[in-house]
Amino acid sequence: MEEVILEFQNLFISGPAVSDRQLYECKPNLATFMAGLAHTELAENDNDAKSSAIWELYHMLLREQHWAFIHLAMAAFGYFAAHTSCNQLWRFVPQNAALSFDLESGKEANGERFLTELKVFLEKETALLTMTPSTDQLRMLVKEGRMLKEMVQKHQKIDMGTRECETVEVNLENYQAKKRRKLPDGIRQGVELLQSGLKVIGDGLPQLQQNHFECADLHDKFMTQFLCLEEAIGQLVGLAGNV
């Protein structure tokens with residue numbers, strides 16, 4: 001475990017790829033890993049390489065200023081603080097943590113402010129866990145999730161289109177050869193049937209929640225599999241549309 005932690009320190013903090021975009025996208029998973037270190041025995045002194053690496057990694061996460069990363073970092077550190085046997089938790093918090101700065105100027109950092117924000121965050125998380133969402137709330141959540149997904153896909157297509165216009169010269173001969181290709185009717189019909197079936201399943205999920213309201217796990221499992229299926233069918237539709 002110590003070797004893994006030191007390797008993460010090298011990758012995310014002192015390594016040459018510290019600004020790599022793909023590495024940046026791995027930070028949410030790193031936050032989850034860091035939360036799990038609450039169950040690891042740590043030496044609370046400056047001479048321990050593993051402890052120092054964990055401090056630096058938490059410093060990096062808690063300095064992130066994007067709202068999504070702030071939420072992930074606070075959730076990870078909150079879990080860690082609640083379950084670790086370490087007494088010197090101040091070592092894990094940098095002086096310039098994102099939530100240490102005042103909202104008005106964004107320049108003055110204060111450790112007490114961070115502790116206050118952490119307390120408020122944990123209280124909100126606890127309150128959310130005690131609430132049971134209604135069917136309408138779940139339906140609205142699914143709707144908003146789909147809308148967000150469509151917006152992201154739309155922006156990705158626009159971004160990719162702009163890059164292609166700037167960097168790629170269209171080869172007319174290859175384009176015409178590609179245009180002549182056509183998928184077999186069976187594949188196209190199968191994709192259409194999958195889309196129709198997905199819509200039917202989506203329409204039935206609210207009924208599942210109503211008829212089996214006491215089985216929340218069943219609904220969650222259906223929802224998880226449904227989202228995976230939606231993603232897979234979306235990829236098939238994209239492939240069929242490109243041919």
### Query
What is the minimum heavy-atom distance between A76 and A31, and which atoms define it?
CB-O, 3.2 Å

### Approximate separation, where rounding is to 0.5 Å, of R63 CZ and L99 CG
13.5 Å

### Query
Mind checking whether F92 and L62 have side chains closer than 4.5 Å, heavy atoms only?
no

### Query
Looking at side-chain heavy atoms only, is the closest gap between Q9 and L6 below 4.5 Å?
yes

### Task
Could you tell me how the ring of F8 sits relative to the ring of F12: parallel (under 30°), tilted (30 to 60°) or perpendicular (over 60°)?
perpendicular

### Task
Provide the closest heavy-atom pair for L89 versus A81 in the form atom of the first, atom of the second, distance.
CD1-CB, 3.9 Å

### Task
Indicate yes or no for a side-chain donor-acceptor contact from E64 to the backbone of A73 under 3.5 Å, with no hydrogens or angles considered.
no

### Query
For the hydrophobic clusters of this structure (ILVMFWY residues joined by side-chain heavy atoms under 4.5 Å, transitively), does one cluster hold both M60 and W67?
no

### Query
Are the side chains of S85 and E41 in touch, meaning some heavy atoms are under 4.5 Å apart?
yes

### Task
Quick one: sort the Y58 and F80 rings into parallel, tilted or perpendicular, breaks at 30° and 60°.
tilted

### Task
Would you give the length of the straight line joining atom CZ of F77 to atom OG1 of T84, rounded to the nearest 0.5 angstrom?
9.5 Å

### Query
Does the side chain of F33 come within less than 4.5 Å of L57's, by heavy atoms?
no

### Query
With distance as the sole test, does H59 use its side chain to make a donor-acceptor pair with the main-chain N or O of R91 at under 3.5 Å?
yes

### Aromatic plane relationship, Y79 with H39 - under 30° parallel, 30 to 60° tilted, over 60° perpendicular
perpendicular

### Query
How many angstroms lie between SG in C86 and CD1 in I54, if you round to the nearest 0.5 Å?
7.5 Å

### Message
If the condition is side-chain hydrogen bond (donor to acceptor under 3.5 Å, both in side chains), which residues does S51 pass it with, not counting sequence neighbours?
### Response
D48

### Message
What's the separation between atom CG in L11 and atom CG in L30, rounded to the nearest 0.5 Å?
### Response
10.0 Å

### Query
Is there a donor-acceptor contact under 3.5 Å from the side chain of K27 to the main chain of L72?
no

### Task
Can you establish whether the number of heavy atoms outside E44 located under 6.0 Å from its atom CD is more than 12?
yes

### In one Ile/Leu/Val/Met/Phe/Trp/Tyr side-chain cluster, 4.5 Å: L37, W90
no

